[in-house]
Protein chains: 2
Amino acid sequence: MLNNSQYIDKLRSSGLRPTKQRIKICEILFNSQKTFHFTINDLVEKISKATNDKISLATVYNTVHAFKKKGYLKEIPINSDQSYFDTNTSHHHHFYDESQKDLIDIDDADVEPVKINTKIPGKKIRSVEVLVKVEDIKS
Amino acid sequence: MLNNSQYIDKLRSSGLRPTKQRIKICEILFNSQKTFHFTINDLVEKISKATNDKISLATVYNTVHAFKKKGYLKEIPINSDQSYFDTNTSHHHHFYDESQKDLIDIDDADVEPVKINTKIPGKKIRSVEVLVKVEDIKS
DNA sequence: TCAACAGTTTAGAATTATTATAATGTAGAA
DNA sequence: TTCTACATTATAATAATTCTAAACTGTTGA
Ligand SMILES: [Mn+2]
Ligand SMILES: [Mn+2]
Ligand SMILES: [Zn+2]
Ligand SMILES: [Zn+2]
């Protein structure tokens, strides 16, 4: 969607230096029409397919965490050994296909707002996430 | 709540041999009035306080996974490095206090049923879980 | 009663995701 | 161009979890 100079602006305006590595990761994460879910490992593979210059694993972690902190990525709580990240930062919920180990967005229009009729004193709500685990019908 | 012979029956009827280690873990997990949440590490600490006989880490993992498979424990998807387990296997949702790293049950009466108006062909729903992340108001 | 077997436990090694370290490199300001 | 704070990197460290393979034990049925 955006070209490099737009990523550079985006990074600068976030207080992040537009380094080669961060721009490349922006291209991979934010160039596509569709949003998607990924693990750090997925991202490392995408990077190695997209470029000959390697980006170190530490930088991938650092960048993903920086983007998450800036709100450009969300981390999705799937109980798993690996963290799942989401380039779709709008409010939405997920199916998790346990047979295929696949995360699928649920269109927000398809979920009635979740009503919680209780609260915890001294705490404020940061997010409300619904995870619908599904599996093959036959199993 | 139950005494040892009841745990033995419970284990036997589940097809699990009632070994010393499993009975001890049953006592720790299911003897208390209130249900609770724990990590493997929490459980290991409880065991070492409750008995002089050590139970190896591998057995703790094996047993927790066996109990989960039998439906005596639930695993709660908090994105974290550690798995959280729940002795409350009835349908309910959670607050996760990000300031205190604390999991708190939400009484099921306090949550309106979550309505999902879409489905995935060939898949059936296994669970619907709501996670409400909260933090200190000041932060 | 007890031998035999399947299932279980165990210590320790292996694996995997993630984070820390500390040296080197670089973007941006002056 | 020079300087400096920030970023990247290779590598080591850490931490959760799983694997391995040998020793052990609950149960069964002769
Ligand atoms: Mn797990
Ligand atoms: Mn994390
Ligand atoms: Zn999503
Ligand atoms: Zn709970």
Side-chain angles (χ1 to χ4, degrees), chain A residues 4-5 7-28 37-45 47-48 51-70 72-73 75-85 101 103, chain B residues 4-5 7-26 28 37-48 51-70 72-73 75-85 101 103:
Chain A
N4 283 14
S5 77
Y7 291 131
I8 291 173
D9 292 345
K10 179 177 175 160
L11 288 166
R12 270 219 190 84
S13 69
S14 311
L16 297 171
R17 282 193 186 162
T19 62
K20 258 194 302 290
Q21 294 85 348
R22 285 174 175 168
I23 293 164
K24 175 57 68 179
I25 291 173
C26 277
E27 285 172 14
I28 290 167
H37 307 108
F38 66 93
T39 64
I40 294 291
N41 223 48
D42 294 337
L43 180 53
V44 167
E45 281 179 24
I47 291 168
S48 72
T51 179
N52 291 318
D53 314 315
K54 300 197 189 314
I55 299 181
S56 84
L57 184 58
T59 297
V60 177
Y61 273 100
N62 289 342
T63 302
V64 165
H65 286 143
F67 287 3
K68 180 190 171 192
K69 182 176 286 182
K70 294 298 177 185
Y72 304 143
L73 291 174
E75 194 167 358
I76 307 298
I78 302 296
N79 208 333
S80 173
D81 328 333
Q82 274 175 103
S83 285
Y84 280 73
F85 294 89
K101 305 286 177 213
L103 244 194
Chain B
N4 283 14
S5 79
Y7 291 130
I8 292 173
D9 293 348
K10 176 175 177 163
L11 288 166
R12 270 218 192 84
S13 69
S14 310
L16 298 171
R17 283 193 187 161
T19 63
K20 258 194 300 291
Q21 294 84 348
R22 285 172 174 169
I23 293 165
K24 173 58 64 181
I25 291 174
C26 276
I28 290 167
H37 308 106
F38 65 94
T39 63
I40 294 291
N41 222 47
D42 294 337
L43 181 52
V44 167
E45 283 181 21
K46 279 173 187 281
I47 291 168
S48 70
T51 179
N52 292 316
D53 315 314
K54 301 198 188 315
I55 299 180
S56 85
L57 185 59
T59 298
V60 176
Y61 274 100
N62 289 341
T63 302
V64 165
H65 286 144
F67 287 2
K68 179 190 171 190
K69 182 176 285 179
K70 293 300 176 182
Y72 305 143
L73 290 173
E75 195 168 355
I76 307 299
I78 301 298
N79 209 334
S80 171
D81 329 333
Q82 272 174 105
S83 285
Y84 280 71
F85 294 90
K101 306 287 178 212
L103 244 195

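Order of the sequence lines sets the chain letters (A, B, ...), proteins ahead of strands, with each chain counted from 1.
Of the side-chain N and O atoms in A:Thr19, none sit less than 4.0 angstrom from OP1 or OP2 of C:dT26. A sub-4.0 Å separation between OP1 or OP2 of D:dG26 and a side-chain N or O of B:Arg22 is absent. At D:dT27, none of the side-chain N or O atoms of B:Arg17 fall inside 4.0 Å of OP1 or OP2 (strictly under the cut-off). For B:His65, a side-chain nitrogen or oxygen approaches OP1 or OP2 of D:dT18 to under 4.0 Å. Within the 4.0 Å cut-off from OP1 or OP2 of C:dG25, not a single side-chain nitrogen or oxygen of A:Gln21 is found.
Using modelled atom types, one side-chain atom of B:Arg22 and one backbone atom of B:Arg17 make a donor-acceptor pair closer than 3.5 Å. B:Ser13 places a side-chain N or O within 3.5 Å of a backbone atom of B:Lys10 that can act as its donor or acceptor partner. Counting only distance, with no hydrogens or angles, the side chain of B:Ser14 and the backbone of B:Leu16 share no donor-acceptor pair below 3.5 Å.
Atom P of nucleotide C:dT8 and atom NZ of B:Lys54 are separated by 24 Å, given to the nearest angstrom. B:Arg12 has its CZ atom 16 Å from the P atom of C:dG7, to the nearest Å. For the pair B:Leu16 CG and D:dT27 C1', the computed distance is 14 Å after rounding to whole Å. The distance from atom CG of B:Leu11 to atom P of C:dT9 is 10 Å, rounded to the nearest whole Å. The separation between B:Lys68 atom NZ and D:dT18 atom C1' is 14 Å, rounded to whole Å. When rounded to the nearest whole Å, the span between CG of B:Asn62 and P of C:dA6 equals 19 Å.
If you check every strand for non-hydrogen atoms under 4.0 Å, B:Leu57 touches a base.
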Might you work through the side-chain contact (heavy atoms from CB on, under 4.5 Å) test for A:Asn4 and A:Glu27, ending with a clear yes or no? CA-CA 8 Å; A:Asn4 283 14; A:Glu27 285 172 14; 2.6 Å; yes
Step by step, would you call A:Leu57 with A:Ile40 a side-chain contact (heavy atoms from CB on, under 4.5 Å)? CA-CA 9 Å; A:Leu57 184 58; A:Ile40 294 291; 4.0 Å; yes
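For B:Ile40, taking side-chain heavy atoms from C-beta onward, the closest of the listed nucleotides D:dT17, C:dG28, D:dT27 is D:dT17.
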Polar pairs (N or O, both sides) under 3.5 Å between protein and nucleotides 12-17 of chain C?
unit_1	atom_1	unit_2	atom_2	d
C:dA17	O3'	A:Asp81	O	3.2

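No side-chain donor from either of A:Thr59 and A:Asn62 sits under 3.5 Å from a side-chain acceptor of the other.
Within the 4.5 Å cutoff, the side chain of A:Phe67 has heavy atoms near those of the A:Cys26 side chain.
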